[in-house]
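To keep things clear, I will list the structure first and then write my remarks on it.
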Amino acid sequence: MKFYITGSTRGLGEYISNEFNCECFDRPVYDINKDIDIIVEKIAPESIVILNAHANQLEYVERLKDKCSLVVMGSIAAINFDPEMPEYSKEKWKLEKTVQHLSEHSKHPMLYLQLTSSSYRNYQMIANSIRFWIDNPATTFIGYNINE
């Protein structure tokens, strides 16, 4: 199975990229804000795409939902709005609702990970969650404890 990832130059994205031997869409080769058509075209059908980078996640979901399986890195900010980042919270809320709705009817499995700041730093747990989903594709949502 072929894996792709957006946002793999450091932290969780770098770890996930190495764990799943992902083809990466990162700067300076790609601008995930502007090169959407190019990136979508390069993704093989029936593959798994991990949308780790925040930029344009909703557009990538809409464009890839009928082509491949998706893992979407979400945020607890979707339900616990961050007053210091209201636009981010609104975007994550819309993303979460969209993925939840689409995953109910999609021909390709989708997984939404509702990350907290503490869970985001537990790279192995996130990788294990993705592995669990690969083995159990009917799972569509995994949320994490804030106080882990």
Side-chain angles (χ1 to χ4, degrees), residues 3-20 22-40 42-43 47-134 136-148:
F3 287 84
Y4 301 90
I5 189 169
T6 62
S8 68
T9 58
R10 65 181 193 266
L12 176 61
E14 182 178 27
Y15 182 87
I16 295 294
S17 173
N18 292 329
E19 282 292 301
F20 294 95
C22 296
E23 183 174 328
C24 305
F25 296 113
D26 295 307
R27 293 177 190 234
V29 177
Y30 299 99
D31 181 339
I32 61 171
N33 287 306
K34 297 178 182 173
D35 295 334
I36 295 172
D37 291 334
I38 295 166
I39 293 169
V40 168
K42 288 186 177 277
I43 292 171
S47 59
I48 294 177
V49 177
I50 301 166
L51 297 172
N52 182 55
H54 170 67
N56 291 316
Q57 282 179 307
L58 190 55
E59 184 165 353
Y60 281 102
V61 167
E62 292 287 347
R63 305 252 325 253
L64 293 169
K65 68 182 179 353
D66 296 324
K67 184 174 188 175
C68 58
S69 298
L70 299 171
V71 176
V72 181
M73 301 299 184
S75 173
I76 193 73
I79 58 169
N80 293 323
F81 274 42
D82 184 339
E84 293 183 25
M85 298 173 30
E87 287 305 310
Y88 175 82
S89 293
K90 287 178 193 174
E91 288 173 18
K92 288 297 187 177
W93 179 85
K94 186 173 183 181
L95 178 67
E96 183 172 310
K97 295 304 172 201
T98 299
V99 173
Q100 285 177 340
H101 173 73
L102 292 174
S103 67
E104 294 172 1
H105 308 287
S106 179
K107 69 177 185 173
H108 297 287
M110 290 185 191
L111 175 64
Y112 183 88
L113 299 175
Q114 189 184 73
L115 301 171
T116 62
S117 52
S118 58
S119 65
Y120 188 83
R121 292 186 299 270
N122 191 335
Y123 304 159
Q124 185 174 13
M125 180 180 67
I126 302 299
N128 288 341
S129 297
I130 294 169
R131 284 187 190 91
F132 174 82
W133 168 75
I134 290 169
N136 301 277
T139 302
T140 60
F141 183 96
I142 297 176
Y144 301 92
N145 191 318
I146 294 173
N147 300 316
E148 62 177 74

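Fair warning: this is a prediction, and the values are worked out from it, not measured in the lab.
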Answer yes or no: is there a side-chain heavy-atom contact under 4.5 Å between [X] and [Y]?
| X | Y | answer |
| --- | --- | --- |
| Phe20 | Val71 | no |
| Ile142 | Leu111 | yes |
| Lys42 | Phe25 | yes |
| Val72 | Tyr60 | no |
| Leu113 | Ile130 | yes |
| Lys67 | Val49 | no |
| Ile50 | Met73 | yes |
| Val99 | Leu70 | no |

Practice task
Assess whether atom CD of Gln124 is packed by more than 12 heavy atoms of other residues, nucleotides or ligands within 6.0 Å.
Solution key: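 No, not enclosed.
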Check whether [X] reaches the backbone of [Y] with its side chain - one donor and one acceptor, N or O, closer than 3.5 Å.
| X | Y | answer |
| --- | --- | --- |
| Thr116 | Tyr144 | no |
| Glu96 | Tyr112 | no |
| Ser17 | Gly13 | no |
| Asp82 | Ala77 | no |
| Asn52 | Gly7 | yes |
| His108 | Asp66 | yes |
| Asp31 | Arg27 | no |

Please report the interatomic distance [atom1]([X]) to [atom2]([Y]), rounded to the nearest 0.5 Å.
| X | Y | atom1 | atom2 | value |
| --- | --- | --- | --- | --- |
| Ile5 | Asp26 | CD1 | CG | 7.5 Å |
| Asn145 | Ser118 | CG | OG | 7.0 Å |
| Met110 | His101 | CE | NE2 | 10.0 Å |
| Ile126 | Tyr15 | CD1 | OH | 10.5 Å |
| Tyr120 | Met125 | OH | CE | 12.5 Å |
| Leu102 | Lys97 | CG | NZ | 13.0 Å |

Can you name the closest pair of heavy atoms from [X] and [Y] and give their distance?
| X | Y | answer |
| --- | --- | --- |
| Pro83 | Pro86 | O-CD, 3.5 Å |
| Tyr4 | Ser47 | CE1-OG, 3.4 Å |
| Val29 | Asp35 | O-OD2, 4.2 Å |
| Ile16 | Tyr123 | CD1-O, 4.5 Å |

Practice task
Tell me yes or no: between the side chains of Lys92 and Gln114, is some donor less than 3.5 Å from an acceptor?
Solution key: no
Handout entry: Salt bridge flag under 4.0 Å for residues Glu91 and Lys94
Key =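 No salt bridge links Glu91 with Lys94.
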Practice task
Go through Ile39 and Ile32 one step at a time and tell me if the side-chain contact (heavy atoms from CB on, under 4.5 Å) criterion holds.
Solution key: CA-CA 8 Å; Ile39 293 169; Ile32 61 171; 3.7 Å; yes
